[in-house]
Amino acid sequence: MSKQRRFSTALILRDLVPAEAWEELTRFPGRHHLAGETLLRQGDSGTHVLAILRGMVKVVRTDADGKERLLAFRGPGEVLGEMAVQVDGARLASVRAISECEVSVVPAEAFRRFVTQHDLANQLAAHAVSRLREQTQTCEGDVDRRLAAALLRLIAVSGVRSFSLTREELGQHIGVSRCSITKVLERFGEQRVQAGRLCIEVIDEQYLHHVLARDTTRRVGHDALIGRPGPRS
């Protein structure tokens, strides 16, 4: 397994459908959002789907006790809100812009016709499984590995290495405290990852891959000691 494959990112819809199908979605009326704005709100009806053309967003769910969980990051080529549209239900999470974003607004009925016309039921099922796998793996492994994988996913999603995120938000995403994020960043070192009050910048991407490889090597060695097969490559 190459270093580039030691973490997983959810498949994006643009890569699961023919190019002309994605182009069809981008021709719907567009909308511009500034960083910090809410694109979709938890609890609202699924009246439309958004296709991301530019920028990056975060998916946030608020639990009954008011606690927020940062579930995922999404970037260009992705669709947002399709689950509520397909089941004609309420949105399960909110979506907020991390950077300036451009989206196409696809009405619910038009999106349902789009799925039927292009026979996308299987692709959307694979899409949902990929997202679930990504969310599950976000909280696996030690904290160093979780943060390294999260930062690499951010790079993969956005194509950039600097993100308007706080340590608290990263902690929400990987299931640890802000203090734990600070300690990991200190271990990484400023020459590899720089963290300001409202910004995280990856300087040395290869080091993050090294963190994941180091964790895998430790697990393989441990499995060998107890007679259990290591992870498949």
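The basis for the numbers below is simple: all heavy atoms, side chains too, and nothing from hydrogens, waters or symmetry mates.
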Tabulate below the donor-acceptor pairs under 3.5 Å that side-chain atoms of residues 40-49 make, not counting sequence neighbours, or state none.
residue : atom : partner : partner atom : Å
Gln42   : OE1  : Thr62   : N            : 2.8
Gln42   : NE2  : Thr62   : O            : 3.0

CA sep, side-chain torsions, deciding dist, call: Ile200, Leu170, side-chain contact (heavy atoms from CB on, under 4.5 Å): CA-CA 10 Å; Ile200 305 289; Leu170 284 173; 3.8 Å; yes
Evaluate the side-chain contact (heavy atoms from CB on, under 4.5 Å) criterion for residues Met56 and Leu154: first the C-alpha distance (whole Å), next the side-chain angles of each, then the deciding distance (0.1 Å), finally the verdict. CA-CA 9 Å; Met56 188 166 66; Leu154 278 164; 3.9 Å; yes
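With side-chain heavy atoms closer than 4.5 Å counting as contact, directly or through intermediates, the hydrophobic cluster containing Met83 also holds Leu92.
Follow the hydrophobic side-chain contacts under 4.5 Å out from Phe28 and you never reach Val57; the two are in separate clusters. Ile98 and Leu80 sit in two unconnected hydrophobic clusters of ILVMFWY residues. Membership requires side-chain heavy atoms under 4.5 Å apart, directly or through other members.
Listed by first then second residue, pairs satisfying salt bridge (Lys or Arg N to Asp or Glu O under 4.0 Å) with a partner in residues 13-31 number zero, not counting sequence neighbours. A side chain to side chain donor-acceptor pair (under 3.5 Å) check over residues 83-94, counting only residues at least two apart or in different chains, returns nothing. Among pairs with a residue in residues 162-172, those fulfilling salt bridge (Lys or Arg N to Asp or Glu O under 4.0 Å) read Lys58-Glu169, at least two apart in sequence or across chains.
By the 4.0 Å N-to-carboxylate-O rule, Arg131 lies too far from Glu134 to be salt-bridged with it.
Within the 3.5 Å criterion, the main-chain N or O of Asp65 finds no donor-acceptor partner in the side chain of Asp63. No donor-acceptor pair closer than 3.5 Å links the side chain of Ser130 to the backbone N or O of Ala126. Under a 3.5 Å cut-off, the side chain of Arg192 and the backbone N or O of Leu208 do not form any donor-acceptor pair.
Every residue was checked against the side chain to side chain donor-acceptor pair (under 3.5 Å) condition with Glu186, not counting sequence neighbours, and none meets it. Every residue two or more places apart in sequence or in another chain that forms a side chain to side chain contact (heavy atoms under 4.5 Å, CB included) with Ala93 is listed here: Val59, Arg61, Leu71. Considering only residues two or more places apart in sequence or on other chains, Phe163 meets the ring pair (Phe, Tyr, Trp, His ring centres under 6.0 Å) condition with none of them. Thr116 pairs by the side chain to side chain contact (heavy atoms under 4.5 Å, CB included) definition with nothing, not counting sequence neighbours. Here Cys179 pairs with Ser177, Lys183 under the side chain to side chain contact (heavy atoms under 4.5 Å, CB included) rule; sequence neighbours left out. By the side chain to side chain contact (heavy atoms under 4.5 Å, CB included) test, Arg54 pairs with His32, Glu100, Glu102, sequence neighbours left out. Checked against ring pair (Phe, Tyr, Trp, His ring centres under 6.0 Å), Phe188 has the following partners two or more places apart in sequence or in another chain: Tyr207.
The two atoms that bring Ser99 and Gly55 nearest to each other are OG-CA, 3.5 Å, heavy atoms only.
With rounding to the nearest 0.5 angstrom, the CG atom of Leu152 is 6.0 Å from the CD atom of Glu205.
If you check the side chains of His127 and Glu78, you find a donor sitting under 3.5 Å from an acceptor.
The neighbour count for Glu190 CD, taken as heavy atoms of other residues, nucleotides or ligands under 6.0 Å away, does not exceed 12.
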